[in-house]
Structure formats: C-alpha cells, structure tokens
Amino acid sequence: MADIVMGAVNSLVAKLGELLKEEYNLQTDVKERIRRLTMELEGAKGALHMVAEVPRDQLDCQVKLWAREVRESSYDMEDVLDTYLVHVQSHDSAIQKSWLEHLGETIGNLFKKSKARHEISVGVKDIITHLDEVMERCRRYKVDIVARPATTSTIDPRLPAMYNKLEHLVGIDKSSSELISMLHPLQHGSVLNANTKMKIVSVVGVGGLGKTALAKAIYDKHKGDFDRGAFVPVGRNPDLKKVIQRILITLDNKRYMEFKFGQFSEIYQFINELKDFLLQNKRYFIVIDDVWEIPSWDTIKLAIDDENNCGGRIIVTTRKMEVATKAGEVYKLQPLPNYSSRELFYKRMYGDEGSHVDNEPDEISDKILKKCGGIPLAIITMASLLADKPRDKWYEIYETIGFGRKDSNDAENTMTRILSFSYYDLPLHLRTCLLYLGTFPEDSIIYKGPLIWRWVAEGFIHEEQGTLLFETGEGYFNDLINRSLIQGVETECVITGCRVHDIVLDFIRSMSHEENFFTILDNSGQDTPSKSPIRRLAHHNMTIRWHTIHETVRSFSVQGCVIESWVPLFSFTFLRVLAIEDCHPIDGCCLRVEHVGKLLHLRYLRLSRTPIHRVPEEIGALRLLQTLDLLGSEINETPSSSSLPIQLVCLRISLYYVRDYGERGWVERLTSLEELFIDDRCFQWKELRSLRELRVLNAYISVCNSESMGYLSHLDKLQHLSISSGNQRFLEAASFVLPHQLRYFSVPSVEFPKLPPCINPSGLPHLSHLYLQLVDMDEQDLKNLGGLPELLFLGLVLYNSAAMISNINDSNVGYFPKLRCLNLCWAMVLFVASKVDKNVVSFHLWDGDSQIAVPFDSEGDELQRSLPAAAASDHENKEGGSIFIGEGIAAAPHHRFMPSLQVLQIRVPAAALDHPYCIEAGESEGSAEAGSRKAPQPSYITFYGGGGGGWR
C-alpha cells in the first residue's frame, strides 16, 4: 500500500518476497541481497509508521528529511522491480504459435530474461547501497508512538437525517426568512410592475458558515416559482467560459446539452449567448455560488446585466465583502446561535435521537462549541471526531487541538486545527485516500466508482481475505463520509459520489504540497512543477503546451483542458494511472493516444468525454490494466477481441457511434469483469454467461426480451443491474429470475404486465433501489413491494392501474420500513383512515381516474372524494374516514407508517388534478400549481416531509 509517509515501502516488501520464489531463478548472491534489503525495509517501515503518527509540525526537521528520502527511494526501488517483473511475466505468457515460432520466441526470451536478471542484480545492489545510507540516518531518530489498526465501515445511518436538518431546519429558519424577504417577491402571482428589474442579493460569510446550504435550500424551495433556474459554482481560478456554459446548460438542458460550444473561442461569445438567452420574456432564478474575486463577478455580470424586466432573482455567495458589495444588496450570514450549535452538535453525535437525549449544557461541550464559533462545518467535523470517543477523552482532545490557547479564536485557524487533528486521527490508509481527493478540480463531483478504481490502481487499498478490493475501497469511502471529511452526493437514495468542501480542500492540498504527494497545474499559475521527482501530476482547465518529460510520474490526470501539444505517452515510463476527461485537441480532431501499449505498468486508463474514435489495438498488450473507461470517447469502430486485456475488472465503453458492427463475442472473453457499463445496440446477452464475477451491469441496448433476461440467472454475484432500451419493450413478468444478491434494479424503458414474481421479500432481501414500468398491479404486488426490508427508493410508472394495501399500519408486517423516496409516474398516493378504528390506514396508488374503494367502510360505500399526492392538509369525508398525507396530521395522531419516508414525488397530467374527485391541494414544490392548472402537459410535484420521523 502506498502512503503519503510510507511511500511504496509496503508493496515493495511484498514484491521482494515474490522475487525470492524459485520461478524467477535468481542467482544465490542476488537472493541474499534481496533478503538483506527486505530486512532493512522492514525496519524502515516500522520507523515510518511511528513518524506517520506524529503531526508534521511536531516533527524534527531531520526526521522529515529522512522520511521523505526513504519514501522517494521506495518509489524508485518499486519502479526497478516492477520493470523487471513486467518483462519476465510478459515473456512467460502463453500464446498459440507454431512450434518454429515458439522455438524462436523461447530462445529470444531466454536472452531477454538473462539480461533482465543481470539488470535486477545490479539494481538491487545499487538500492542496498543507497538504502544503507538513509537507514543509517534512520537510527538516529526515534518516535515513540504506535499506530492503530485500520477499520472499514458502512455509511453512518445518522448522517442523512443530520444533513437534511442542516440544510432545511437546524439554525436556518431565521437566515432563510431574512434572505427571502430581501428577494421578495418570489412567488408566482406576486404583484410585479411591468418593468421589474432583475434583483441581485449577495450572501457573505466565512468559509464553512453554510452560505451554499442556505442558498441551495432557498433555490430548491422556490425554483418552481420561476420559468427557469440554475445553480452554478464558480470557485477560485475559474474558467469563466465553462461557468457561463454551465449556466446555459442548466437553464435549458435540452437546447444547450448538444450545443457546439467549441465554435466559441472568446469569452465575449459566451457572454453574448447568455445575454441573448436571458432577454427572453421569462423569469429566472440563478444562484452563482462561491465567487472569490471581483473580476470573476464583473465578467459574469456582463452576461446577466439587468436588462431582463420580468422580475428575475440572483443570489451570489462569497467569502469576500468587496465581492458582495460589488454584486448587489448584501446579506451577511451570521454564525449559528448557541442553541442551534448545540442541536447540530448532538444531531451529529446521536442522530435523530439527538433531540430526545439529555443534551443539557455541560462544561466541555460548551467549551468545544464556543471555539467552533457557530460555524456548521467546524461543529460537524468536531462532532464526527468525538462521536466514537469516550467523554472522559474530550478534555484531552480539546487541549491537544489547541483550543485551550488564548490565541486560538480565529475561525480559520480553528478549522485548520480541527482538520489537522481529524486527519491524524485517521488510520494511515484513509489519510492517503483523503489526500488523493485533492487531485480533482475544486467544486467538482467526484464519482465513487471511478475514484475507488483509481485507489485500487494506486495501491491504496489493503487486500482483505474474502473481500473484493472494490468493496474494501467502498468501506474507506464510507468512512471518510462518516467522519464528515467529505460530503456524500446522493442520487435516488444511492451515494454516487462526493464533494470536498473548499476549506478541507485547502488543507488537503497544503499537506500534499509539503509531502510532494501530487502536483497540480492549472490556469492560476499558483503551483509550479516541483524540483523533487513528480509522482502524481494533474492539469485542470488550461491549455496544455507541454514539452518537459517527467519520467517518474505514476499518475497523470487531465481534466477540462485544451491540448495544444504534449510529450508522447511512452515518455511516462512508470505510469500506473492515466485519466483524460473532458478534453479536446486544439485542432478539433481526435486525441492521439499512440504508444499507449508501451505503458507496461498501467493499471487504470480513462479517456472519458474525450474523442479518440477507436480503441487502440495496443491496449491489449497491457497485462496489468484493471480499469478501462472509454465512455463519451466517440468510438466509431467495434473493438477487436485482441484490443481488450482479458484481466480487466472494470470496463465502461460506449459504441453509440458505431455503424459497422464487425467482430462480436469480445465481451465473453473478459471473465474477470466485476463492472460492465456498455452502450451497444448489438450487445449479445449470451456473452454474459461467462462473466461469473460481475457485480455491476449497466447496459444501454436495443434488444431486451425474455430470452435475454434469462441469462441474468448465471450472474450469482450481481448487485447492481440497470437496463435501458432504445425502443419500448414489453416483457413477460414470469419469464426470468433475478440474482438473490441484487441491491439495485432499474429498467425504465421496459414494460411489465405485472410485478415480476421474483421481486418479493424472500427473493430479493437486499434490494434497496427499484424502478419499474407496470401495466397492472394488485394488492399482493403492492404488499410484495412494501415487504422488501431494505428498499430505500421506489420508482413506479403505472398505466391505468389502482392498487391498495388495506392496512399499511399493520404492526405485524411493517410495510416500507426503510423507504425514503417514492417516485410515481401517472399515479398518485392516498392514505385513508378507518372511521371505526383509527389505527387502521389503507394505502392506495391511484391513477387519477378510477373510483377508490375503502375496504373497511361500515356501509360499504365508495369514497367520493380523494386527494392528490401534493396535498398537505386534512380532509374529513362524509362517511367519517380521515383522508390525509404529509407530516404531523392532527386527524390521525396515533398513526406511524412509512417511518423513513422523506420525499414523495409524482408526475401526472395536470388535467388529473382537476378531476371531480380531487380537492384543491395545499402548497407543493414543483413546476405545477396543484388543483388549478388545466394545461395538458405533465406536472411535476414534489412533497418533502418526514425527515426520518415517519408520516402521521
């Protein structure tokens, strides 16, 4: 495992042990040298472990120098060994040839192996000589601290509720109402003059204070009151062309997603495009988040100048008062008051129970909260640090961080101390994984899957008996979220990625710069190539004119760049990770990736949203390659079987542009695949039979039928299955069986006549995400869905169907125990309480047209009035039953069902809301005014509630 302090020492020891095996046939004296080198490295590893446990600012300068020298030397040693191992193993590969060819190759290989063994002998001798020198310096320095063992975890279940409260409730009410009053009027129907100007309000405050959370909460609540909306981050050293491009795409995704922005070379062209767009007769709500400098705002302001007279609103968030003043009317966000700070602190400590436990003020908690200064990020980070510590250790931590010093009041210094202590509280493997996040651009979403595969390729993941490397890496990712060092990004109740707060990012990059962990080059000019050997190099949002060769680079990533010139790929002799994303050559042609086959150490190759047009044949020669990601590479030729290494564990490829489909059957050769994302109209389902290790399958295909789905029964380890078909398909529900381990199942473009029988609590006990289209549904189908014990997200498209559970409040069953989000298309939701027994509640999915029969009505009458899902008020029907939906309904105080439901979202024709059985709905969030609109187009209505406390 590589580490910011350990370097490659751990993996180096393991590889030296590999060399001692008889198959490598090394000379006796070379073996003795290797044994001696291994012993020396074991000693260095122990010393480095102790160094790693001491905060850097507490280390002696000589110790820092020695540790850096050992780390850098370990990289050089590993490069020598890997080169030898790759050459030997590549010559040993079995290839079907004629006996004459095989004889000639064998003689050649013997010569090459002999040469390689001589080189390794010389290399080991040089390494030992160098290591003797640095180890002599090691013996002069001792650090008496013992490292703790690593642990892994799942996502802390307290976190989603805590973040929901942070964004919507904890301490935000006052600031939210004040900011809304400054933006007033916001709602549709508000009295606006014919010449109501665009209004701009800026939110200013220190980092971590919650400016973005406040702006996002208001944006989410009120964006439906405007014709168009956009929430766009800016950040430090922004590429303003891309900022304006993101504004346009967010305002009108349909128009601008395929827009040829490449035709614009100058910033004024982007400005003019946005300016013209905003002159349309529409109201806009735009949030420009995290503006650092006045020139950045001045440029953006040119495009959104107040020529639009339709009453649009703009929020700008910034840390700098001069930017806020220049932008417009200023709202200065204040720190949380004491009671809100305490509430947030205990929410993170104890989850939802935080409001119910005895959280009376105590001396140490008050001291800690006082030093956090009402800054939410500081409070959350500190609470996460203390969550698993006994209370009698809190004083010690308080003093260790430096809170006891009189000069520790500055908010920024407080955050640095908290982050430093949290960082050194991490096990070594998590420190490395955290620091690696600094290689990504500021304000970007870092997607979990590609990130973990990069950790694997870099050697950051420990092997654990019986656990896949990806699953171990997922535990690392979850642990960083639980410690509040990264912010999880959730899509439909699935954590798909993370963001890094800019205060945390500053800390990460500062630590990495001191330790030469990675080098970033962007358009700011703030970072320059290090004089030390560069091991990891990243380019962000710039034009690359590069002629310098860095042979020591192990990881090279390029994001959002125009490539004018660069050195040939074969110059990166020891490259393990190559990621090129959202880039294009300056001449507009495809990116030339010749000689990629010479990168013999390569483990991870991503050429995403970067045109290459064909899969290079030489990729097939990369015998260490584990991940190949070619999504968005505009490939127009079917790859040959020989161009894909058979040891791949992750393949993501789009063949959307292929017209001549050529050779088939290349997928079934990849028997080690754990993850497959494929967009291929001619995909042959039978190839899945050989992919016994597959965990994740995302397929965009043209054929999906009963026969093809039948091949899924071969995939015993499958956990994630998403199938999208270009043409709507009708599939018999009883025609296939899903793997028992399945957690995610989404088939949005396939119609089922009924719920497939295999979807039931015993057949899919781990299923947490489900999206289906059903023509019909009955009560047993709905009960099967409600009985799924781990279901978090349920998306249903229903056609002319109504179904019910006669008593969803049945304590013996517990329907939908973990459901957090219910997403319905062409259907509404209804809860009806019995007039006889208030503990009996029926649950209905209603198509907006059918009569609703109440199963427990004493007279057997049918219900004459009903509520759409957007309603948030009580209604007492004439027969005595209470109809209700939402949170805190007074008419049914004893009901508690769907205990985790937070979001209920429906999509129906607006005309359905004018059905004679519907009454006027209460306030909703979305683009439709429930109960009043008569337009034929679909309406989107979202109701947020529950918050983990159940629906009553």
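Positions are given from 1 along the sequence. Everything numeric in this text was worked out from a predicted model, so none of it was measured.
- Between the side chain of S633 and the backbone N or O of I612 there is no donor-acceptor pair closer than 3.5 Å.
- A salt bridge between R554 and E458 is absent, with no side-chain N of the basic residue lying under 4.0 Å from a carboxylate O of the acidic one.
- A donor-acceptor distance shorter than 3.5 angstrom exists from the side chain of T317 to the backbone of D290, with no hydrogens or angles considered.
- Checked for salt-bridge contact, K326 and D298 meet the test: a charged N lies under 4.0 Å from a carboxylate O.
- F477 has its side chain within reach of I495: a pair of non-hydrogen atoms, C-beta onward, lies under 4.5 Å apart.
- Here the shortest heavy-atom pairing between R454 and S555 reads NH2-OG, 4.5 Å.
- A heavy-atom distance below 4.5 Å is not found between the side chains of V323 and S202.
- In this structure, L251 and Y284 have side chains that are in contact, with non-hydrogen atoms separated by less than 4.5 Å.
- Formation of a donor-acceptor pair under 3.5 Å by the R652 side chain with backbone atoms of L631 is not found in this model.
- Minimum heavy-atom separation, S296 to P238: OG-CG, 3.7 Å.
- The structure places NE2 of H501 at 6.0 Å from CD of Q487, a figure rounded to the nearest 0.5 Å.
- Taken from CZ in R509 to CD1 in I520, the straight-line distance is 3.5 Å, to the nearest 0.5 Å.
- Between the side chain of H540 and the backbone N or O of T439 there is at least one donor-acceptor pair closer than 3.5 Å.
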Under the criterion side-chain contact (heavy atoms from CB on, under 4.5 Å), I'd like the reasoning laid out for C650 against D629: C-alpha separation, chi angles, the key distance, then a yes or no.
CA-CA 8 Å; C650 175; D629 187 341; over 6 Å; no

Carefully, step by step, assess R499 and I445 under the rule side-chain contact (heavy atoms from CB on, under 4.5 Å).
CA-CA 5 Å; R499 283 190 175 93; I445 295 177; 3.4 Å; yes

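- With a 4.5 Å cut-off on side-chain heavy atoms, K320 and E293 count as touching.
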Could you give me the CA-CA distance, side-chain angles and deciding distance for I315 and V203, then say whether side-chain contact (heavy atoms from CB on, under 4.5 Å) is met?
CA-CA 7 Å; I315 296 177; V203 181; 4.0 Å; yes

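- The ring of F277 has its center closer than 6.0 angstrom to the ring center of Y256.
- One N or O on the side chain of K211 and one on the backbone of G205 form a donor-acceptor pair closer than 3.5 Å.
- Each of N272, I244, L274, I271 was checked for a side-chain contact (heavy atoms from CB on, under 4.5 Å) with L302, and the lone residue meeting it is I271.
- Residue E634 holds its CD atom at 11.5 Å from OH of Y656, rounded to the nearest 0.5 Å.
- The backbone N or O of A230 lies less than 3.5 Å from no partner atom in the side chain of T250, so there is not a single donor-acceptor pair.
- When all heavy atoms of L434 and I508 are compared, the pair lying nearest together is O-CD1, 3.5 Å.
- Within the cation-pi definition used here (under 6.0 Å to the ring centroid, within 45° of the axis), R283 qualifies as a partner of F226.
- Distance alone, capped at 3.5 Å, places no donor-acceptor pair between the R246 side chain and the V232 backbone.
- With respect to K448 and E474, a salt bridge is recorded, a charged nitrogen being found less than 4.0 Å from a carboxylate O.
- In terms of heavy-atom proximity, C583 sits nearest to I563 at CB-CD1, 4.2 Å.
- To the nearest 0.5 Å, atom SG of residue C433 and atom CD1 of residue I452 are 9.0 Å apart.
- With contacts defined as side-chain heavy-atom distances shorter than 4.5 Å, the pair F264/Q245 does not qualify.
- Atom CD1 of I534 and atom CG of L521 lie 7.0 Å apart (nearest 0.5 Å).
- Looking at S512, its side chain never comes within 3.5 Å of a backbone N or O of F517 through a donor-acceptor pair.
- Side-chain atoms of T610 come within 3.5 Å of backbone N or O of S608 as a donor-acceptor pair.
- Expressed to the nearest 0.5 Å, how far CG of L628 lies from OH of Y604 amounts to 10.0 Å.
- Side-chain rings of F556 and H539 approach one another, their centers coming within less than 6.0 Å.
- Among all heavy-atom pairs drawn from G210 and L333, the shortest one is C-CD2, 3.8 Å.
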Audit row: W297, V316, side-chain contact (heavy atoms from CB on, under 4.5 Å) steps and yes/no
CA-CA 9 Å; W297 168 249; V316 178; 3.5 Å; yes

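- Taking 4.5 Å as the limit, every side-chain heavy atom of V234 sits out of range of all side-chain heavy atoms of W292.
- Taking the side chain as every heavy atom from C-beta outward, V577 and S557 never approach each other to under 4.5 Å.
- L209 and G374 get closest at one heavy-atom pair: CD1-O, 4.0 Å.
- Counting heavy atoms from C-beta on, the side chains of Y436 and L451 come closer than 4.5 Å.
- By the 30° and 60° cut-offs, the orientation of the rings of Y476 relative to W455 is tilted.
- Ring pair Y700/F677: centre-to-centre distance below 6.0 Å.
- In terms of modelled atom types and a separation under 3.5 Å, the side chain of K199 and the main chain of M182 share a donor-acceptor contact.
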